[in-house]
Amino acid sequence: MRQSTRHFLSLLDLTSQEFKTLINRAISLKSNRDPDYQPLKGKVLAMIFEKSSTRTRISFETGMIHFGGSALFLSPRDTQLGRGEPLEDSARVISSMVDCILLRTHQHKTVTTFANFSSVPVINGLTELLHPCQLLADMQTYLELRGNIENKIVTWIGDGNNMCHSYINAAKLLNYKLHICCPKQFQPNAEIVKSARHQITFFDTPTAAAKNSDLVVTDVWASMGQEEEQKQREIAFADFQVNTEVMKQAKPDALFMHCLPAHRGEEVSAEVIDGPQSVVFQEAENRLHAQKALLELLLK
Ligand code: CP
Ligand code: NVA
């Protein structure tokens with residue numbers, strides 16, 4: 001185990017300056033794609049997905065190909081991980097053969113344990129606690145469309161989940177004001193909130209929270225692994241939809257973001273997600289560019 005190995009398990013593994021440099025680099029990689037630029041030639045990324053993925057899988061795999069490397073898709077069903085081989089042993093073995101490991105899993109402790117025993121960088125591709133890769137793309141998208149996000153108002157409506165926690169961490173690094181509006185029993189993690197308490201204001205209703213916002217964000221009411229709670233969550237979140245009435249409270253040039261996949265008619269109305277303020281597809285595409293910048297930072 002190399003103590004100096006650099007991992008990306010949380011946005012807070014980056015300094016504020018590194019985060020800003022990374023999203024600027026992502027913009028530059030997006031606009032000047034040079035097929036001869038192959039900084040990761042011969043390098044291999046192992047991608048372990050214990051949950052489904054469209055964007056994360058495709059963007060990392062494509063990013064590695066663009067950079068001259070390759071990516072291995074590993075599902076626990078087809079590896080010994082799914083049959084109970086200890087994480088510590090798996091991390092040692094896999095990291096002895098590849099240059100970087102992406103892990104999408106349930107408990108955050110799984111990625112931290114994995115990283116402790118990996119001799120190569122480990123990237124958090126989503127846990128129940130955090131989804132840091134998505135924020136690289138979201139902040140790139142805001143910068144491209146509206147410039148510096150510092151001192152702007154970002155409003156989070158819905159579940160106090162992994163995406164909400166990642167917006168809290170980004171607020172710390174980029175110094176925006178974060179309005180949070182979640183049902184009482186679905187508030188974000190208190191420790192994470194405490195760490196950014198100067199940036200955060202809580203609201204009881206989505207319309208109050210969205211007032212004067214520059215960016216409104218939401219996510220599904222039931223995340224992966226919570227499918228059985230879907231019906232009960234639909235009741236709890238019924239008043240927490242981002243719809244035209246909510247967007248009307250925000251600034252006229254406010255953007256709407258959602259990490260996708262989305263459920264139209266639940267957390268967001270079709271009118272909003274398919275409307276002119278929505279930038280969800282630019283956000284999705286930027287996963288590719290932002291993660292190429294991340295791979296460069298960790299591996300070059
Ligand atoms: N937003 C996101 O991470 O999408 P996938 O689940 O498709 O990877
Ligand atoms: N909160 C969602 C994000 C999906 C990209 C989930 O964890 O399922």
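Values in this document were obtained by computation on a predicted structure and should not be read as measured data.
When all heavy atoms are compared, the tightest approach of A91 to S95 is O-OG, 2.7 Å. Annotation for L130 and N162: closest pair N-CB, 3.5 Å, computed over non-hydrogen atoms. The two residues A26 and A293 have their closest heavy-atom pair at N-CB, 3.9 Å. In terms of heavy atoms, T218 sits closest to W156 at C-CH2, 4.0 Å. Annotation for G160 and C182: closest pair N-SG, 3.7 Å, computed over non-hydrogen atoms. The minimum heavy-atom distance linking L129 with H165 is given by the pair O-ND1, 2.9 Å.
In this structure, R57 forms no cation-pi arrangement with F49, as its terminal cationic atom is not both closer than 6.0 Å to the ring centre and no more than 45° off the ring axis. For the pair K43 and F67, the cation does not sit on the ring face, since its NZ or CZ is not both under 6.0 Å from the ring centre and inside 45° of the axis.
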Worked check of side chain to side chain donor-acceptor pair (under 3.5 Å) between E144 and N286 | CA-CA 10 Å; E144 285 174 334; N286 282 343; 2.9 Å; yes
Does the side chain to side chain contact (heavy atoms under 4.5 Å, CB included) test come out yes or no for K152 and L215, once each step is laid out?
-> CA-CA 8 Å; K152 296 279 164 77; L215 170 62; over 6 Å; no
Side chain to side chain contact (heavy atoms under 4.5 Å, CB included) between E245 and T207: does it pass, once the steps are laid out?
-> CA-CA 7 Å; E245 193 197 341; T207 44; 3.9 Å; yes
Audit row: E88, F114, side chain to side chain contact (heavy atoms under 4.5 Å, CB included) steps and yes/no = CA-CA 6 Å; E88 294 83 347; F114 207 91; over 6 Å; no
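Using a 4.0 Å cut-off between a side-chain N of Lys or Arg and a carboxylate O of Asp or Glu, R233 and D159 qualify as a salt bridge. The existence of a salt bridge linking E285 and K292 is excluded, since no basic side-chain nitrogen approaches an acidic carboxylate oxygen closer than 4.0 Å.
For the residue pair R264 / S269, no side-chain donor-acceptor distance below 3.5 Å is found, with atom types taken as modelled. Inspection of the Y37 and E296 side chains reveals an N or O donor paired with an N or O acceptor under 3.5 Å. In this model, no donor atom of one side chain and acceptor atom of the other lie less than 3.5 Å apart for T105 and T127. With no hydrogens or angles considered, a side-chain donor-acceptor pair links E267 and H258 at under 3.5 Å. A donor-acceptor contact closer than 3.5 angstrom is absent between the side chains of Q226 and Q230. Defined by atom type and a distance below 3.5 Å, a donor-acceptor pair is missing between the side-chain atoms of E271 and N243. Using a 3.5 Å distance cut-off with no hydrogens or angles, the side chains of T21 and Q17 do pair a donor with an acceptor. Side-chain atoms of S59 and Q291 include a donor-acceptor pair closer than 3.5 Å. For the residue pair Q249 / N212, no side-chain donor-acceptor distance below 3.5 Å is found, with atom types taken as modelled. Under 3.5 Å, the side chains of D78 and S75 contain a donor-acceptor pair of N or O atoms. Defined by atom type and a distance below 3.5 Å, a donor-acceptor pair is missing between the side-chain atoms of Y176 and D214.
Residue E228 places its CD atom among 12 or fewer non-hydrogen atoms of other residues, nucleotides or ligands, all under 6.0 Å distant. The local environment of NZ in K251 is crowded, with over 12 non-hydrogen atoms from other residues, nucleotides or ligands closer than 6.0 Å. By the 6.0 Å contact criterion, CD on E227 is enclosed, its count of non-hydrogen atoms from other residues, nucleotides or ligands being greater than 12. In the displayed structure, D204 atom CG is contacted under 6.0 Å by at most 12 heavy atoms of other residues, nucleotides or ligands.
With contacts defined as side-chain heavy-atom distances shorter than 4.5 Å, the pair Y167/I200 does not qualify. By the 4.5 Å heavy-atom criterion applied to side chains, S90 and F117 are not counted as neighbours.
Side-chain heavy-atom separations under 4.5 angstrom define the hydrophobic clusters, and the remaining members of the one that includes F237 are I157, F186, V216, W221, F240, V242, V246, M247, F256, L260, V268, V272, I273, V280, F281.
Hydrophobic clustering (side-chain heavy atoms under 4.5 Å, transitive across Ile, Leu, Val, Met, Phe, Trp, Tyr) groups L135 together with I27. At a threshold of 4.5 Å between side-chain heavy atoms, the hydrophobic network of Ile, Leu, Val, Met, Phe, Trp and Tyr places L126 and F8 in two separate groups.
Contacts of K231 classified as salt bridge (Lys or Arg N to Asp or Glu O under 4.0 Å), with partners at least two apart in sequence or in another chain: E234. With sequence neighbours left out, the salt bridge (Lys or Arg N to Asp or Glu O under 4.0 Å) criterion links R104 to no other residue.
Atom CG in L102 sits 7.5 Å away from atom OG1 in T56 (nearest 0.5 Å).
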